[in-house]
Each structure stands twice: as C-alpha cells, then as structure tokens.
Amino acid sequence: MGHPVVANEAENWEADTISHHASEKQSDKTPSTYYKVGFPPRKTFLKEFADGLKETFFADDPLKPYKDQPGSRRFILGLQFLFPILDWGRKYNLNKFKGDVIAGFTIASLCIPQDIGYAKLANLEPQYGLYSSFVPPLIYALMGSSRDIAIGPVAVVSLLMGSLLQNEIDPINNGEEYLGLAFTATFFAGITQALLGFLRLGFLIDFLSHAAIVGFMGGAAITIGLQQLKGFLGIEKFTKQTDIISVMKSVLSPFPHGWNWPTILIGVIFLVFLLVAKYMAKKNKKFFWLQAIAPLVSVILATFFVYITHADRHGVKIVKHIKKGINPPSFELIHFSGPLLGKGVKIGIITGIIALTEAVAIGRTFADMKDYQLDGNKEMVALGTMNVVGSMTSCYVATGSFSRSAVNYMSGCQTLVSNIVMSIVVFFTLLLITPLFKYTPNAILSSIIISAVLGLIDYEAAFLIWKVDKFDFIACLGTFLGVVFASVEMGLLIAVSLSFAKILLRVTRPRTAILGHLPGTTIYRNIEQYPDSNRVPGILVVRVDSAIYFTNSNYVKERILRWLANEEENLKEKDLPTIEVLIVDMSPVTDIDTSGIHALEDLLKSLQKKEVQLALANPGPVVMEKLHASEFVETIGIDKIFLTVGSAVIKCSHKSNEDV
C-alpha cells in the first residue's frame, strides 16, 4: 500500500496520546469525550422540500427587498428589478457620462468593422452584423446588470450559427429561407436564455466545464482563422466544410495561380498592423485606444487604397454593397410553424446556450474586477429579451464580446450608457456611412477577424489545466480536436459529453482515504498527504469524501472492504495484531440515500462476519436524520457513533483493551 506499518507503531501512538487520555479522564471540558452526535429536529416532507427548492432556485433570496414594504414601493422595486437603469440612472452624473461617451465611441470604432466581418461568418449580408449592434445593445442597456459588457455579434457564435444554418439551407441559392431560419433561431435562442433566467435555471450552463470551454474557444478560433483564408488569399472556390483537412485542401489545391497576390499583400500588411497595435496595447495600457481604433483605421486606409488603385479590377474582392438604412422589421420571416420551426428551435437552443455561457463569463470577470455583484439569472433574462426583440428587427444572435468589453473597460466606461453611445454611432453609420464601405476589400475584414480571434486561444489556461488536472486537460484537448478536425457541432458535443463524463466519474467513483494520527495531536489526516502520521494499532480509519448515493454506494462499500483486506494482509505479513475496529469518518458525507444506507448495513454484516466492529465519526445533520429514520442507529448502536475520529479511536481502543 506504499505506507508500511512499523513494528513500534503501537508504542509511538500510545506515547503521543497518553497525555490526551489522562486529561480527558480528569476534565469535563473535553467535548469529544462527553458530547454525543446530535439529532437534528425532524422536518416535515413539505418543509424539507421547500428548503431544498429555495436553496436550489432562490439561494440569493430575491424577495428579501420586498419584505415589509408598502405596495407602491414594491411596484417601484419590481420595475427596478426588471429595468436596473431606473435604479442606477438616478445616481448618474456628468463625470460618468464623459467616461461613457469616450468608451462608447471607442468600442463603436472597433465593432463596426468587426460586425461586417462577423456577419460573413454567419453567411449573412454585412448590414445584419451592424443591425445586431444597434437594437440589442439598447435593450440590454435597459435590462442588463453588468456595467462593463459590450453587446453585439461575436466570432464564435457567428461561426456556430452559420455552420448550423448552412447544414439545413444553402445560403446562396435559398437566401430568403436562410434569413428566415436565422431569425427563427435567434428568436428561440432568446426564448431559451430568458426562460433559463426566469425559471432560475442558470446553474445548467455550469455543466460546461472551464476546461471544455477553453478547448472549444481555442478550436473555434483556429476554425474561424482558417475560414478567413478564403478572403485573405482571394480564393474563388472554397469548401463549405469547417474541418481543417477540407479547408487546407481548398487552400492548397489552387496554389499558386488560384491565389490573388494583390489581395494577399493587402491582407498581410494590415494583419501585421493590427497585431502590432494589439501587442502595443497589451504591453502598455496607455495605448489601449490603438487596439480599439486600429480595425477602423485599417478599413478606411484599405478602402481608400482599393478605390484609388482600382484594385478590384485586378481580382481583389470587395464588399460592393451594404444596404443603407436602419433595421427593417423581420417578424413575418420568423417560422412559428412548418418544417423549419423544429430546425430553428434546435439551432436556437444550441447558439443561445453558447452565447449565454460567453456573456455570463465575461460579465462575472469584469464584475469581480470592479467588485460588484452580478445577478446571473437577471442577466439571462436581459440577454434573452434583447435577442427576442432583435429577431424581430433583423438581428441575429448577439451576446457579450470579450474584446469589446475589455476595450470598454479600459476606455473608462462607468455604466451601460457606453452601449447606448455605441448603438447611436452604429445608427448613424447605417443611416449615412454604409455606401462608403463599397470598396472595402474582403481581405481587410479577414485580417480583422484573424487578429480578433487569436485572443481566444488561451494557451496559458490550457497549460495550467494540464498541470492541475489531467482529466480536465483531456476534456480540453478532446474538445479542441473535435472542433478543428470534425466540426463546431462535434466539438460542442464532445465538450458536453466529457463534462458529463467527469461529473459521472466523480459521483460514481468518489475518493476514499485511510487516516492516520498526527503525532502530538488528536487530529487524523490522510496518510498519503501526511506520511509521518501513525496508524492506530488494531484500528483502521477510513474517510469517504463524497455523499453516498445509489450511483456510488456499492463502490464505497467494496472500496472500504478492499482497504480492510489490504490492511489485514499487510499486518499478517508483518505478524502484527489484526484489525478489530473499522472507523468511517463521515465528515465529508453531506447526504445519503436509501441505497447508501443499505450499503452501510451490508458493510456492517460483512464486518461482523470478520469479527470487526464498525464505528461512525461525525455524521452531518442530514445523514444523521436519515440514519435515525432508517433505524440504522439502533442497528449499529448509538454508542458506535462519535463526534470526532479522535473520540472514536479513544473509546474503541479502550473497549478493545477491556475485551482482552
């Protein structure tokens, strides 16, 4: 077992504990000797059910502010809950407005070129990206609780949505149907998000582990970057598949004559410029504005260059046309019946959850940095509402953008007014400036997207995951490879599957440990963590580090018996006394069900056949209540249940000596 039992262990243990024994006999102040394990007050089923429901769904006690308030005040509090702007807006001042205006203009200069590129990722016309940075930020500003998040289309969700949509409908040959399905998916993405928040089911998004998200984001970044090679290299024919093998075939097969070298020159020059600007902003926070305005400056310079050189006549692909005007209504395009309804619901649920995961993670990050509370369920309702409204105003799924939110934060934003300012800038862009993007080369949009998604590859987080938890790294790597070599959908499926596999593994195979006595104390700890700890002669102390349910009860019982068998085998080889008492430390056992109790009963029977006594140490109130209700307390004997491992060892060792 890796921890041999030395021959003089009995003497060591007795020498360390004799003073403790003496003081416990002489003093009435030792709680471990005189206090018994308490029985909690018995709760009725309805009370227990209500408490469980409250802890699961209402742990933050959202109704607390409404207690002892008159009706009019409750109405006002209700409005402020739905529209937080009515609360923080009362404290708004000119200084905050100055910071928000600067931040709003800064993120607008970043979002406009990004939105045009992200719309292409979703296989939509460029104006739909701009539409999605006009209406959704306004809705979120009214209902959101994060002060720093910047709303709009993002690369990963755009790619995911485009990939899922084109699997159902060809965006080129059936543009109208494709657009209708996009709005349908956006509508149900919003419904999914709002329902999760309204029903307080936000904890469900936590089933996607951090490791799986890191792998998914990294794989999506590689996939997005590869997709941009079409515009970056000026390739005419390009695969609709997203896996790396298909993409590289499309890239390499037309080389060199199928590559447009003027396009490549434009793309390379401005990609280098964008990366240098990003590097300078990262190295020196004073240059954060350089990263923010670099994309817009690149678009202006590249557009001007193509216009004066007529590069479009030499094979350089350009945007050509962005529809002028604000968002047209799109309610009639949403499918509420027919064969496309089910497809829209499926795509909407998937994209809605991914968008929600990203937005909540971003919101929590900046809330921690500024030390304020973020209501996750309220965020979900706000994000869902903005996407529902967005689907009716020609928008596709919008969420929190990390790059824009970081720029928003560094620009000195104070409130969500920065989103309103950004939305106003996008409004005037749609109304007045869109014709100026006619000669914008596709290569510059590809360069902007490539530079933006590089930040999604978090190799430092992946390395840390490898160091901390190898299973987590397998989930991270598996998700990454699934996205890169198969598809975004397959990567997402792998992420969810591996996350659930880890949960099942932890639940069905909980950790157990043998405890040893720390010399000079009454403390018992894991012998692997504390190799200097002593075994107690004739007593085996085992700790179960999990609740005991039907999923793991049989394993826990068999694992404890294996510990006992291994220990007895070692003792027999060394010709030492056998185990007479098995103590199970129940401190980490937060709950137990009927299968768990049956496992304890079977364990007791097996130990009785071996003439080994069973004792329990420090069962919690929930466990104690169930042991009492099942009459297991009477079966094992109340004198075999102790407050601490130390008191159990002392009592059981005395009994063993008396028996002898």
Side-chain angles (χ1 to χ4, degrees), residues 51-69 73-93 95-97 99-100 103-104 107 136-151 193-210 213 352-353 355-387 398-402 404-420:
D51 288 347
L53 198 67
K54 180 181 178 182
E55 190 61 32
T56 303
F57 298 103
F58 304 99
D60 55 345
D61 197 7
L63 299 178
K64 185 177 180 180
Y66 299 89
K67 292 177 182 177
D68 303 322
Q69 297 289 346
R73 179 60 181 163
R74 289 183 182 180
F75 178 73
I76 293 172
L77 288 172
L79 284 178
Q80 289 177 347
F81 180 82
L82 290 174
F83 304 102
I85 192 172
L86 297 176
D87 182 24
W88 58 260
R90 294 179 301 143
K91 307 166 190 173
Y92 201 69
N93 55 47
N95 287 332
K96 290 182 178 180
F97 181 68
D100 287 335
I107 58 176
L138 291 176
I139 304 299
Y140 183 83
L142 296 174
M143 302 184 67
S145 56
S146 172
R147 303 171 195 166
D148 305 278
I149 198 168
I151 297 296
Q193 294 169 335
L195 279 177
L196 285 174
F198 182 76
L199 299 176
R200 306 185 71 80
L201 297 172
F203 60 86
L204 292 178
I205 65 172
D206 293 331
F207 280 96
L208 266 179
S209 69
H210 171 68
I213 291 173
I353 290 175
L356 198 59
T357 302
E358 187 170 356
V360 171
I362 293 168
R364 286 173 177 169
T365 299
F366 288 104
D368 289 341
M369 290 170 67
K370 284 193 173 181
D371 194 26
Y372 65 88
Q373 293 294 319
L374 190 73
D375 188 331
N377 290 300
K378 191 187 295 185
E379 281 293 284
M380 293 173 194
V381 173
L383 292 164
T385 304
M386 81 177 188
N387 278 315
T399 187
S401 164
F402 189 82
R404 273 179 251 176
S405 299
V407 170
N408 194 32
Y409 171 79
M410 289 186 290
S411 301
C413 78
Q414 300 295 315
T415 68
L416 285 169
V417 171
S418 62
N419 273 266
I420 298 175

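Only heavy atoms go into these numbers, but all of them, side chains included; no hydrogens, no water, no symmetry mates.
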Aromatic ring pairing F97/Y92, orientation class (parallel under 30°, perpendicular over 60°, tilted between): perpendicular
Hey, are the side chains of Y409 and M369 touching, using non-hydrogen atoms and a 4.5 Å cut-off? yes
The reported gap from CD1 in I85 to CD in Q80 (rounded to nearest 0.5 angstrom) is 12.0 Å
Rounded to the nearest 0.5 Å, what separates atom CD in E358 from atom OG in S401? 7.0 Å
Taking D375 for its side chain and F81 for its backbone only, find out whether a donor-acceptor pair lies under 3.5 Å. no
Rounded to the nearest 0.5 Å, how far does CG of N408 lie from CD1 of I107? 4.0 Å
Rounding to 0.5 Å, atoms CE (M386) and CG (L138) come to a distance of 11.5 Å
Check the pair Y372, D148 against side chain to side chain donor-acceptor pair (under 3.5 Å), reporting the backbone distance first and the verdict last. CA-CA 11 Å; Y372 65 88; D148 305 278; 2.9 Å; yes
Could you check whether any side-chain N or O of R404 sits under 3.5 Å from a backbone N or O of A150, counting only pairs where one atom can act as donor and the other as acceptor? no
R74 to Q69 - nearest heavy-atom pair and separation: NE-O, 3.0 Å
Do T399 side-chain atoms and L356 backbone N/O form a donor-acceptor pair below 3.5 Å? no
Nearest heavy-atom pair of T357 and I213: which atoms, and what distance? CG2-CD1, 3.5 Å
Short side-chain to backbone donor-acceptor contact, D371 and A367, under 3.5 Å: no
Minimum-distance pair of heavy atoms, taken over all atoms of S405 and I149: OG-CA, 3.5 Å
Kindly determine whether I151 and L383 satisfy side chain to side chain contact (heavy atoms under 4.5 Å, CB included), including the steps that lead there. CA-CA 9 Å; I151 297 296; L383 292 164; 4.1 Å; yes
Distance-only donor-acceptor check, side chains E379 and S145, under 3.5 Å: yes
Could you go through the side chain to side chain contact (heavy atoms under 4.5 Å, CB included) check for W88 and L416 one step at a time? CA-CA 10 Å; W88 58 260; L416 285 169; 4.1 Å; yes
So how far is it from D87 CG to L79 CG, rounded to the nearest 0.5 Å? 11.5 Å
Does T415 use its side chain to pair, donor to acceptor, with the backbone of V417 at less than 3.5 Å? yes
Under 4.5 Å between any side-chain heavy atoms of Q193 and L196, yes or no? no
Are the side chains of R200 and P62 in touch, meaning some heavy atoms are under 4.5 Å apart? yes
Rounded to the nearest 0.5 Å, what's the gap from CE on M380 to OG1 on T385? Could you check? 13.0 Å
Within a radius of less than 6.0 Å around CZ of F75, do more than 12 heavy atoms belonging to other residues, nucleotides or ligands occur? no
Do any N or O atoms from the side chain of Q414 and from the backbone of G99 form a donor-acceptor pair under 3.5 angstrom? no
Nearest heavy-atom pair of S418 and A103: which atoms, and what distance? CB-CB, 4.0 Å
